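For reference, the structure discussed in these notes is given below.
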Protein chains: 2
Amino acid sequence: MKKLGYTCGLDAAIDVVGGKWKALILWELHDEPRRFGELRRSVVGISEKMLIQQLREMEHCGLVHREVYYEVPPKVEYSLTEFGQSLNTALLPLGDWGEKHMRTIEAIPRP
Amino acid sequence: MKKLGYTCGLDAAIDVVGGKWKALILWELHDEPRRFGELRRSVVGISEKMLIQQLREMEHCGLVHREVYYEVPPKVEYSLTEFGQSLNTALLPLGDWGEKHMRTIEAIPRP
DNA sequence: CAGCATCCTGTACGATACTG
DNA sequence: CAGTATCGTACAGGATGCTG
């Protein structure tokens with residue numbers, strides 16, 4: 001969410017879902033709502049700071065819905081909006097591509 | 001191209017096509033080979049440094065083929081490999097999604 | 001024309017500790 | 001449990017000038 005005046009659809013999409021974590025979070029939410037703690041565990045390697053930051057941004061873009069249950073202990077559930085679902089669907093082929101070529105990608109020699 | 005040990009296909013795909021420019025370059029190459037100067041003009045806003053850097057990385061990953069014509073003046077053409085084509089295809093739905101929701105995305109208030 | 005070499009900056013991301 | 005608050009760093013990305 002930085003620029004304005006996108007040059008094409010891909011440009012706009014990447015601006016929304018870009019970065020290291022958003023697509024992964026989106027994926028974790030694809031089938032059912034998740035609590036903060038669940039996400040922290042399932043999105044391997046993410047810090048609390050990044051998780052909450054990315055969630056807030058996605059909420060701000062209308063991709064994610066945040067539902068607070070006023071209980072003790074606290075409970076908050078994150079879920080995809082229709083908008084988020086549509087983005088997730090658009091990401092499926094990319095995920096499949098990655099899955100199919102994972103070995104190849106892993107085998108690329110790093111500098 | 002940073003990590004190893006991807007947690008899912010999407011993770012791997014994003015590692016390959018991530019960043020601000022690679023997907024856009026891929027798109028520019030989708031229908032026919034392009035010369036360096038052509039790319040510099042059509043990928044709006046990219047610097048020479050970033051263009052050559054991204055091209056080299058994509059070449060290294062086997063997504064792009066670099067063909068040098070030993071002429072005067074110099075001529076170099078970049079084109080997609082089969083691998084690159086397949087990635088580009090996987091990105092199509094995302095591009096469509098972006099195209100469709102561009103107005104919505106542009107309308108999101110920035111911080 | 002197609003690059004390479006430098007220098008510089010912002011920020012994305014990370015580690016750690018603390019709170020309602 | 002679900003976050004805040006700080007502090008710190010690496011690297012993505014940018015600006016400019018030069019070269020075979």
Side-chain angles (χ1 to χ4, degrees), chain A residues 1-7 11 14-26 28-29 33-61 64-79 110-111, chain B residues 1-7 11 14-26 28-29 33-61 64-79 110-111:
Chain A
M1 299 277 49
K2 281 108 240 183
K3 341 188 268 177
L4 290 174
Y6 300 111
T7 57
D11 194 8
I14 288 178
D15 197 26
V16 169
V17 80
K20 193 170 169 181
W21 300 113
K22 290 209 179 71
L24 300 178
I25 296 172
L26 221 59
E28 283 302 323
L29 294 175
R34 297 277 179 187
R35 301 182 58 173
F36 183 83
E38 291 181 297
L39 286 173
R40 193 179 35 179
R41 281 185 294 277
S42 47
V43 181
V44 182
I46 197 169
S47 68
E48 288 185 349
K49 173 190 164 186
M50 286 315 290
L51 179 54
I52 194 64
Q53 185 176 303
Q54 303 300 306
L55 282 170
R56 289 281 145 85
E57 288 181 26
M58 293 164 82
E59 191 190 352
H60 181 247
C61 293
V64 162
H65 174 71
R66 178 172 179 269
E67 185 76 36
V68 184
Y69 298 87
Y70 294 94
E71 314 170 352
V72 178
K75 173 176 170 180
V76 177
E77 276 191 343
Y78 293 90
S79 56
R110 323 279 147 166
Chain B
M1 298 277 45
K2 282 109 240 183
K3 343 188 271 180
L4 290 175
Y6 300 112
T7 57
D11 194 7
I14 288 178
D15 197 24
V16 169
V17 80
K20 194 172 169 181
W21 300 113
K22 291 209 179 69
L24 299 178
I25 296 173
L26 222 56
E28 283 301 324
L29 295 175
R34 296 277 179 187
R35 301 183 58 173
F36 184 83
E38 291 182 297
L39 286 173
R40 193 178 35 178
R41 280 185 295 277
S42 48
V43 181
V44 182
I46 196 169
S47 67
E48 289 185 348
K49 173 190 164 186
M50 286 316 290
L51 180 54
I52 193 65
Q53 186 176 303
Q54 303 300 308
L55 282 170
R56 289 283 143 85
E57 287 182 27
M58 293 163 81
E59 191 189 351
H60 182 246
C61 292
V64 163
H65 173 71
R66 179 171 179 268
E67 185 76 36
V68 184
Y69 298 86
Y70 293 95
E71 312 170 352
V72 178
K75 172 176 170 180
V76 177
E77 276 191 345
Y78 294 91
S79 56
R110 323 278 147 165

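Sequence lines set the chain letters: A, B, ... in the order given, protein chains first and strands last, and positions in each chain run from 1. Heavy atoms only: backbone and side chains are in, while hydrogens, waters and symmetry mates are out. Please read all numbers here as calculations on a predicted model, not as lab measurements.
Partners of B/K22 under the salt bridge (charged side-chain N to carboxylate O under 4.0 Å, His left out) rule, at least two apart in sequence or in another chain, are B/E57.
Side-chain contact check for A/L55 versus A/L39: some heavy-atom pair is nearer than 4.5 Å.
Taking the screw axis at each terminus of the helix from C/dC1-D/dG20 to C/dG20-D/dC1 from five consecutive base pairs, the angle between the two is 60° to within rounding of 10 degrees.
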For this session: Before giving the answer on side chain to side chain contact (heavy atoms under 4.5 Å, CB included), spell out for A/I46 and A/I25 the whole-Å C-alpha distance, their side-chain angles and the decisive distance to 0.1 Å.
Result: CA-CA 10 Å; A/I46 197 169; A/I25 296 172; 4.3 Å; yes
For this session: Could you check A/M1 against A/D15 for side chain to side chain contact (heavy atoms under 4.5 Å, CB included), going step by step and ending with a plain yes or no?
Result: CA-CA 5 Å; A/M1 299 277 49; A/D15 197 26; 3.9 Å; yes
For this session: Run the numbers on A/T7 and B/V43 for side chain to side chain contact (heavy atoms under 4.5 Å, CB included), then give the verdict.
Result: CA-CA 9 Å; A/T7 57; B/V43 181; over 6 Å; no
For this session: May I have the step-by-step check of side chain to side chain contact (heavy atoms under 4.5 Å, CB included) for B/V76 and B/R66, ending in yes or no?
Result: CA-CA 7 Å; B/V76 177; B/R66 179 171 179 268; 3.8 Å; yes
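Counting any heavy atom pair closer than 4.0 Å across all strands shown, B/R40 reaches no nucleic acid atom. Among the heavy atoms of the strands, none lies under 4.0 Å from A/Y69.
A salt bridge does not link B/R34 with B/E77: none of the charged nitrogens is closer than 4.0 Å to a carboxylate oxygen.
Remark: C1' of C/dT11 and CD of A/E57 are 12 Å apart, rounded to the nearest angstrom. Between the P atom of D/dG14 and the CD atom of B/Q53 lies a distance of 10 Å, rounded to the nearest Å. For the pair B/Y70 OH and D/dG20 C1', the interatomic distance rounds to 13 Å; values are reported in whole Å. Atoms CD (A/Q54) and C1' (D/dG3) sit 15 Å apart, rounded to a whole Å. Rounded to whole angstrom, the span from the CZ atom of A/R66 across to the P atom of D/dA2 amounts to 10 Å. Distance B/K20 NZ to C/dT11 C1': 12 Å, rounded to the nearest Å. Following rounding to the nearest Å, A/I25 (CD1) and C/dC13 (P) show an atom-to-atom distance of 10 Å. Summarising the geometry, the separation between CG on B/L51 and P on D/dG13 is reported as 13 Å, rounded to the nearest angstrom.
Here the side chain of B/M50 is nearest to one of D/dT4, D/dG13, D/dA2, namely D/dG13. Picking from D/dG13, D/dG3, C/dA2 the nucleotide with the shortest atom distance to the side chain of B/W21 gives D/dG13.
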For this session: Can you check each nucleotide of nucleotides 15-20 of chain C against protein heavy atoms at under 4.0 Å and return B for base, S for sugar-phosphate only, - for none, in 5' to 3' order?
Result: B-B--B
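The two atoms that bring A/Y78 and A/R56 nearest to each other are OH-NH2, 4.1 Å, heavy atoms only. Looking at every heavy atom in both residues, B/P74 comes nearest to B/R35 through O-NH2, 3.3 Å. In this structure, A/K49 and A/I52 approach most closely via the heavy-atom pair O-CG2, 3.2 Å.
At C/dA2, one or more side-chain N or O atoms of B/R35 fall inside 4.0 Å of OP1 or OP2 (strictly under the cut-off). For the pair B/R41 and C/dC1, the criterion of a side-chain N or O lying under 4.0 Å from OP1 or OP2 is not met.
Toward the 5' end of DNA chain C, the nearer of the two residues A/G18 and B/E38, judged by each one's closest nucleotide, is B/E38.
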